[in-house]
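Whatever order the structure lists ligands and atoms in, that order sets their numbers, starting from 1.
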Amino acid sequence: MFLSEIRQDIEALSNNILLFEESNFSGRTEAMDDIDFYIIDRIDSLVNKLKSHSELAELKQLAENLRSRLEEIDNNLFIHLRSSIRSANLSGIAFKNAIDKYLANSQFLNQDEMGYDNLDLLVNGIFSFRALPDETMERETEMVFFQKTPARIIFELVEKAHFSESDVFYDLGSGLGQVCMLVNLMSGVISKGVEFEPEFCNYARICSAELNLKNVEFINDDARFADYSDGTVFFMYTPFTGGILEDVMNILYIESQKRMIRLFTYGPCTLDIVRINWLSAIKNDSRNPNKLNEFRSFDRRQ
Ligand SMILES: C[S@@+](CC[C@H](N)C(=O)[O-])C[C@H]1O[C@@H](n2cnc3c(N)ncnc32)[C@H](O)[C@@H]1O
């Protein structure tokens, strides 16, 4: 009884021709979740209860084969998207439209919800196509470990920043470089990442070179010692806390004496930034650390 139900579920997915269309990334993501959490989990839980292990093994093999076929379609999709980015055919609005097409019918998290969604799966497939590097440096306690900014927050940043040709964007604590690469790809703005861990920085450099992105640079340095003399728009996904955050904000204060700067924050660092008196928050709900927040220095020319 259970076994025939499982077989029917696998057949229903295998016979759904829509899942094999390259554009149906959302459908495949959902189907792969079903295979993992509904079909394979059910098979594993039956192994201890049923005598007929050979049929269970056969069903598991069928489910895994189907999963591999779906994964291969996604991998080809990522290769195809990377190749279009490399030949400069997919940037700005065209990139955004392609993403919308592949994610049609997906459920997304709201801007103030925690976690990752299908947009992250697609973006990770495009940008993080190499094995993740191990850290080689010991972090100080105030240095926050690597964690990616959810892609929807980066998209929101690009929409709100209205970059101009004279802007230079910095991601402080740039990790594997996804923020800088996406921001540059979608807006064309010069993007620079400052990252303490050399292996993360190398990873980001290799990915942006493979995607042939122009005007993207990764600087391997402690954010306390980098040169921000050309920076106009800064982003922090809580890269550091305490004294390091204070030191970096003092450097940005000095920069703000020369020109107006903007700072976007995400995560708990926002609660420290709202207390800084040389910055003004652009929106009233800036105390919510789960939202993208924007601050501006007072324009000294006014
Ligand atoms: C929360 S992660 C954010 C990564 C990246 N911005 C993203 O969203 O994908 C914080 C990053 O800051 C880096 N970091 C921590 N302290 C740093 C410092 N003092 N200078 C430069 N980078 C630092 C960490 O190595 C880590 O990659």
- Task: Would you check, one step at a time, whether the test side chain to side chain donor-acceptor pair (under 3.5 Å) holds for D230 with Y170?
- Result: CA-CA 10 Å; D230 57 354; Y170 274 84; 2.7 Å; yes
At a 4.0 Å threshold, what atoms of ligand 1 neighbour a non-hydrogen atom of [X]?
X    : value
M143 : 15 (C), 16 (N), 19 (N)
G173 : 3 (C), 4 (C), 5 (C), 6 (N), 11 (C), 12 (O), 13 (C), 22 (N)
V144 : 10 (C), 15 (C), 24 (C), 26 (C)
D171 : 5 (C), 6 (N)
Q147 : 1 (C), 2 (S), 3 (C), 4 (C), 7 (C), 8 (O)
T149 : 7 (C), 8 (O), 9 (O)
F200 : 27 (O)
F196 : 17 (C), 18 (C), 20 (N), 21 (C), 22 (N), 23 (C)

Tell me the contacting part of [X] for ligand 1: side chain, backbone, both, or neither, using a 4.0 Å heavy-atom threshold, strictly below.
X    : answer
V179 : side chain
L172 : neither
D222 : both
F240 : side chain

Decide whether the shortest distance between a heavy atom of [X] and an atom of ligand 1 is less than 4.0 Å.
X    : answer
K148 : yes
D221 : yes
F145 : yes
R224 : no

The reported gap from CZ in F240 to CG in L245 (rounded to nearest 0.5 angstrom) is 6.5 Å
To the nearest 0.5 Å, atom CG of D44 lies from atom CZ of R42 at 12.0 Å
- Does E255 come within less than 4.0 Å of K258, counting only side-chain N to carboxylate O? yes
Subject >> Ion pair R205/E195, N-O distance below 4.0 Å >> reply: no
So which protein heavy atom does [atom] come closest to, and at what separation?
atom                    : result
atom 1 (C) of ligand 1  : Y237 O, 3.3 Å
atom 15 (C) of ligand 1 : P239 O, 3.2 Å
atom 27 (O) of ligand 1 : E195 OE1, 2.8 Å
atom 20 (N) of ligand 1 : A223 N, 2.8 Å

Check: Does atom CG of N15 have more than 12 heavy-atom neighbours from other groups under 6.0 Å away?
Finding: yes
key: More than 12 heavy atoms from other groups under 6.0 Å of CD on E159   = no
Check the pair K291 / E156 against side-chain contact (heavy atoms from CB on, under 4.5 Å), numbers first and verdict last.
CA-CA 10 Å; K291 281 190 164 183; E156 186 185 355; over 6 Å; no
Is the shortest N/O to N/O distance between Q178 and ligand 1 below 3.5 Å?
no
Q) Is the shortest N/O to N/O distance between F146 and ligand 1 below 3.5 Å? A) no
Set out, in order, the CA-CA distance, both residues' side-chain angles and the distance that settles side-chain contact (heavy atoms from CB on, under 4.5 Å) for F95 and L81, then state yes or no. CA-CA 9 Å; F95 175 77; L81 287 171; over 6 Å; no
Practice problem: Please step through ring-ring contact (aromatic ring centres under 6.0 Å, His included) for the pair F264 and F235, ending with a clear verdict. | Solution: CA-CA 5 Å; F264 287 88; F235 173 66; 7.6 Å; no
query = Hey, are T136 and E197 close enough side-chain-wise for a donor-acceptor pair under 3.5 Å?
reply = yes
T265 and N293: side chain to side chain donor-acceptor pair (under 3.5 Å), yes or no, with the steps? CA-CA 5 Å; T265 62; N293 283 282; 4.5 Å; no
For K101, the side chain to side chain donor-acceptor pair (under 3.5 Å) test, sequence neighbours excluded, returns none
